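Each residue takes its place number in the sequence, starting with 1. Please read all numbers here as calculations on a predicted model, not as lab measurements.
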Amino acid sequence: MKLDEEFLHDRDHSFLTDDEENQAELACSDDEHDGDDDDRRGGANSDSSSPLSRNRSDNNFSDVSNPPWPQSYRQSMDLLTGMTPPLVSFMPRSGSRRLVSSFHKKQQSSLFDSFSSSSSKPLLSKPHPNNEETILPPQFPSQIKLSVTDLQLPESKLCSFSQSVLNGTNVLCGLGLITMPYAIKESGWLGLLILLFFGVITCYTGVLMKRCLESSPGLQTYPDIGQAAFGITGRFIISILLYVELYAACVEYIIMMSDNLSGLFPDISLNIAPGISLDSAQSFAILTTLLVLPTVWLKDLSLLSYLSVGGVLASVLLGLCLFRVGVVDGIGFHATGRVLDLSNLPVTIGIFGFGYSGHSVFPNIYSSMKDPSKFPLVLVICFCFCTALYVAVAICGYTMFGEAIESQFTLNMPKQFIPSKIAVWTAVVTPMTKYALTITPIVLSLEELIPKAKMRSHCVSICFRTVLVTSTLVVALSVPFFAIVAALIGSFLAMLVALIFPCICYLSIFKGKLTNTQIGLCMVIITFGLVSGCCGTYSAISRLADQMT
């Protein structure tokens with residue numbers, strides 16, 4: 001297993017070319033299988049205190065004939081960070097001598113043959129002398145080619161501290177900002193304290209994820225953490241939750257774009273057939289879907305990945321436009337609202353959870369940092385900035401429009417003012433740059449499940465993507481309620497992804513090594529997440545049912 005040990009020796013290792021890597025894999029494949037047998041026979045003698053040694057008896061870890069799904073998670077989620085995106089294309093580049101990792105195979109051979117020959121490579125490397133196991137990056141058989149150099153990026157490709165801060169802020173400052181005034185209207189002014197509390201505990205769970213990643217050198221993504229804690233089952237559950245969250249975000253993008261465009265052009269309608277017509281919101285939902293569909297087909301997503309960094313600027317611009325309308329354009333700020341509304345509090349908590357659900361990408365940001373030890377400081381800066389922006393927008397929007405505030409504050413801004421038009425078009429253009437990046441991880445993970453190489457052709461991939469994008473349109477047309485969908489996502493998915501699973505994975509990986517205070521704090525967060533998630537999900541579903549009847 002010398003090759004595996006050298007692969008994870010440090011972050012500045014040298015890379016193998018395609019030919020060298022293929023030869024090395026063939027040379028060591030028999031040894032790796034023998035090593036796995038030895039590992040299973042000697043597992044009883046390993047150090048039981050090792051975090052991952054507790055899972056050695058799990059057959060998911062022992063069965064390494066096929067790399068676990070999803071194999072594409074790390075690189076596809078790197079697209080969302082924006083600063084160091086991999087180059088993605090449908091068709092391989094010709095005549096290029098690329099640096100490769102275990103994701104890259106000979107382009108002359110079929111993808112299926114390539115995957116079959118590499119599937120014997122084990123997920124777990126041979127234990128080091130200190131009995132600590134290492135999870136290796138799995139192989140990636142998707143039709144889309146990721147030409148990033150390696151999971152372990154070279155030093156020149158790693159993110160600096162400032163880039164990491166920008167990446168984290170870009171992940172957090174998303175769809176949640178535009179609905180914060182509505183959340184305060186639902187809960188009352190004391191909801192701001194809950195918002196601050198959410199910022200603190202979600203930042204803390206982000207730090208817990210960093211500690212889980214440090215428990216073994218091979219852990220690099222959220223699914224890796226789930227696998228380290230609960231085996232293959234944990235990896236599958238967390239991966240599915242993350243992909244459902246991304247899918248729901250794509251639905252919210254369509255709702256957001258259609259609502260804002262219909263606010264600008266309320267008289268637009270579409271007559272399909274006699275007696276069948278679509279209103280303005282439905283028409284723009286279809287139009288925006290048609291506009292983003294070609295971006296999902298793009299061979300190179302690197303440009304969109306860089307443009308998505310503008311999400312931070314877009315969020316700041318939205319806040320400035322709102323403030324400008326209130327101060328300069330005569331709307332003004334008025335003392336209004338209730339102190340606390342307990343009946344609507346679960347929906348507000350769900351929206352707050354939706355606003356802080358960036359944990360799916362945090363491990364990727366940590367793994368791409370030049371100095372990972374500064375990751376907690378990165379989180380603190382990101383969460384402080386986003387929380388301050390959330391609070392400022394919530395106060396401005398609620399004091400400007402009071403109980404009349406819509407689910408998106410841009411819908412309340414008078415359209416005759418230039419700042420209002422800027423804000424609305426910002427709310428339309430920003431989702432267009434992020435839609436393809438958000439849905440790509442889902443596409444890649446599902447393409448891994450296609451059994452035959454011939455089914456991974458260029459045309460089939462485009463058709464598959466078209467169907468997936470169309471499905472998000474159908475859902476958006478069925479439940480066109482931005483705030484309710486956001487509350488449902490936040491209550492059901494974000495509570496699991498951002499609060500519950502980081503804590504239970506941390507407790508599982510470091511079992512027997514934590515103090516009573518650490519265990520108690522995690523249990524409090526888990527309990528809060530479970531109660532908030534159940535109450536918020538019930539309230540959101542009830543509201544959704546009332547709106548659709």
Tabulate below the donor-acceptor pairs under 3.5 Å that side-chain atoms of residues 171-184 make, not counting sequence neighbours, or state none.
unit_1 : atom_1 : unit_2 : atom_2 : d
Thr179 : OG1    : Ser407 : O      : 2.8
Tyr182 : OH     : Arg543 : NH1    : 3.3

How many angstroms lie between [atom1] in [X] and [atom2] in [Y], if you round to the nearest 0.5 Å?
| X | Y | atom1 | atom2 | value |
| --- | --- | --- | --- | --- |
| Leu322 | Met400 | CG | CE | 4.5 Å |
| Lys210 | Ile225 | NZ | CD1 | 12.0 Å |
| Met432 | Thr288 | CE | OG1 | 6.0 Å |
| Ile526 | Ile519 | CD1 | CD1 | 10.5 Å |
| Glu406 | Asn412 | CD | CG | 5.0 Å |
| Leu446 | Leu468 | CG | CG | 6.5 Å |

| query | What about the rings of Phe198 and Phe528, do their centers lie closer together than 6.0 Å? | reply |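 Yes, they do, as the ring centres are separated by less than 6.0 Å.
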| Are the aromatic rings of Tyr390 and Phe352 close, with centres under 6.0 Å apart? |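 No: the rings miss the under 6.0 Å criterion.
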Where the side chain of [X] meets the backbone of [Y], is there a donor-acceptor pair that is under 3.5 Å apart?
| X | Y | result |
| --- | --- | --- |
| Gln163 | Ser160 | yes |
| Ser368 | Ile365 | yes |
| Thr205 | Thr202 | yes |
| Ser532 | Gly529 | no |
| Asn170 | Leu166 | no |
| Glu448 | Ser72 | yes |
| Ser216 | Leu219 | no |
| Arg235 | Gly226 | no |
| Thr537 | Cys534 | no |
| Ser357 | Phe354 | yes |

Using side-chain heavy atoms (C-beta onward) and a distance below 4.5 Å, is [X] in contact with [Y]?
| X | Y | answer |
| --- | --- | --- |
| Leu342 | Leu340 | yes |
| Val380 | Cys384 | yes |
| Ile286 | Leu473 | yes |
| Leu192 | Leu196 | no |
| Ile439 | Leu246 | no |
| Val244 | Leu493 | yes |
| Met257 | Val292 | yes |
| Tyr356 | Leu195 | yes |

Heavy-atom closest contact ([X] atom, [Y] atom, distance):
| X | Y | result |
| --- | --- | --- |
| Tyr506 | Gln518 | OH-NE2, 3.6 Å |
| Gly533 | Met495 | CA-CG, 3.8 Å |
| Thr387 | Phe383 | OG1-O, 2.6 Å |
| Gly350 | Ser491 | CA-OG, 3.3 Å |
| Asp341 | Ser343 | OD1-OG, 2.6 Å |
| Met209 | Pro363 | CE-CG, 3.5 Å |

| query | Under the ring pair (Phe, Tyr, Trp, His ring centres under 6.0 Å) rule, what pairs show up with a residue in residues 470-497, not counting sequence neighbours? | reply |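 Every pair satisfying ring pair (Phe, Tyr, Trp, His ring centres under 6.0 Å) with a residue in residues 470-497: there are none.
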| task | Determine, stepwise, if the pair Met369 / Leu158 fulfils side-chain contact (heavy atoms from CB on, under 4.5 Å). | result | CA-CA 5 Å; Met369 290 184 64; Leu158 296 175; over 6 Å; no
| message | Show, in sequence, the C-alpha distance, side-chain angles and deciding distance for Glu403 and Arg338, and conclude whether the salt bridge (charged side-chain N to carboxylate O under 4.0 Å, His left out) test is met. | response | CA-CA 10 Å; Glu403 296 298 314; Arg338 295 156 290 183; 3.5 Å; yes
If you count heavy atoms of other groups shown closer than 6.0 angstrom to [atom1] of [X], is the number above 12?
| X | atom1 | value |
| --- | --- | --- |
| Phe236 | CZ | yes |
| Asn516 | CG | no |
| Tyr538 | OH | no |

| query | Which of these, Tyr247, Tyr253, Tyr435, sits in a side chain to side chain donor-acceptor pair (under 3.5 Å) with Thr472? | reply |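 Checked Tyr247, Tyr253, Tyr435 against Thr472; only one passes side chain to side chain donor-acceptor pair (under 3.5 Å): Tyr435.
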| request: Among Thr426, Asn260, Asp259, find the one that has a side chain to side chain donor-acceptor pair (under 3.5 Å) with Thr410. | output: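 The single option meeting the side chain to side chain donor-acceptor pair (under 3.5 Å) with Thr410 is Asn260.
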| message | Working note: Asn364 + Ser367, criterion side chain to side chain donor-acceptor pair (under 3.5 Å); need CA distance, chi angles, decisive distance, verdict. | response | CA-CA 5 Å; Asn364 296 60; Ser367 301; over 6 Å; no
| message | Show, in sequence, the C-alpha distance, side-chain angles and deciding distance for Leu261 and Trp425, and conclude whether the side-chain contact (heavy atoms from CB on, under 4.5 Å) test is met. | response | CA-CA 8 Å; Leu261 285 174; Trp425 283 109; 3.8 Å; yes
| How about Ser164 and Asn167: does a side-chain donor come under 3.5 Å of a side-chain acceptor? |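 No, because no side-chain N or O of Ser164 sits under 3.5 Å from a partner of the opposite role on Asn167.
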| request: Using the side-chain contact (heavy atoms from CB on, under 4.5 Å) rule, take Lys370 and Phe161 through it: C-alpha gap first, then chi angles, then the decisive distance, then the call. | output: CA-CA 8 Å; Lys370 292 180 180 178; Phe161 178 82; over 6 Å; no
| Step by step, would you call Tyr366 with Phe362 a ring-ring contact (aromatic ring centres under 6.0 Å, His included)? | CA-CA 6 Å; Tyr366 167 82; Phe362 286 163; over 10 Å; no
| field | side-chain contact (heavy atoms from CB on, under 4.5 Å) between Tyr204 and Leu499, worked out | value | CA-CA 9 Å; Tyr204 176 73; Leu499 295 183; over 6 Å; no
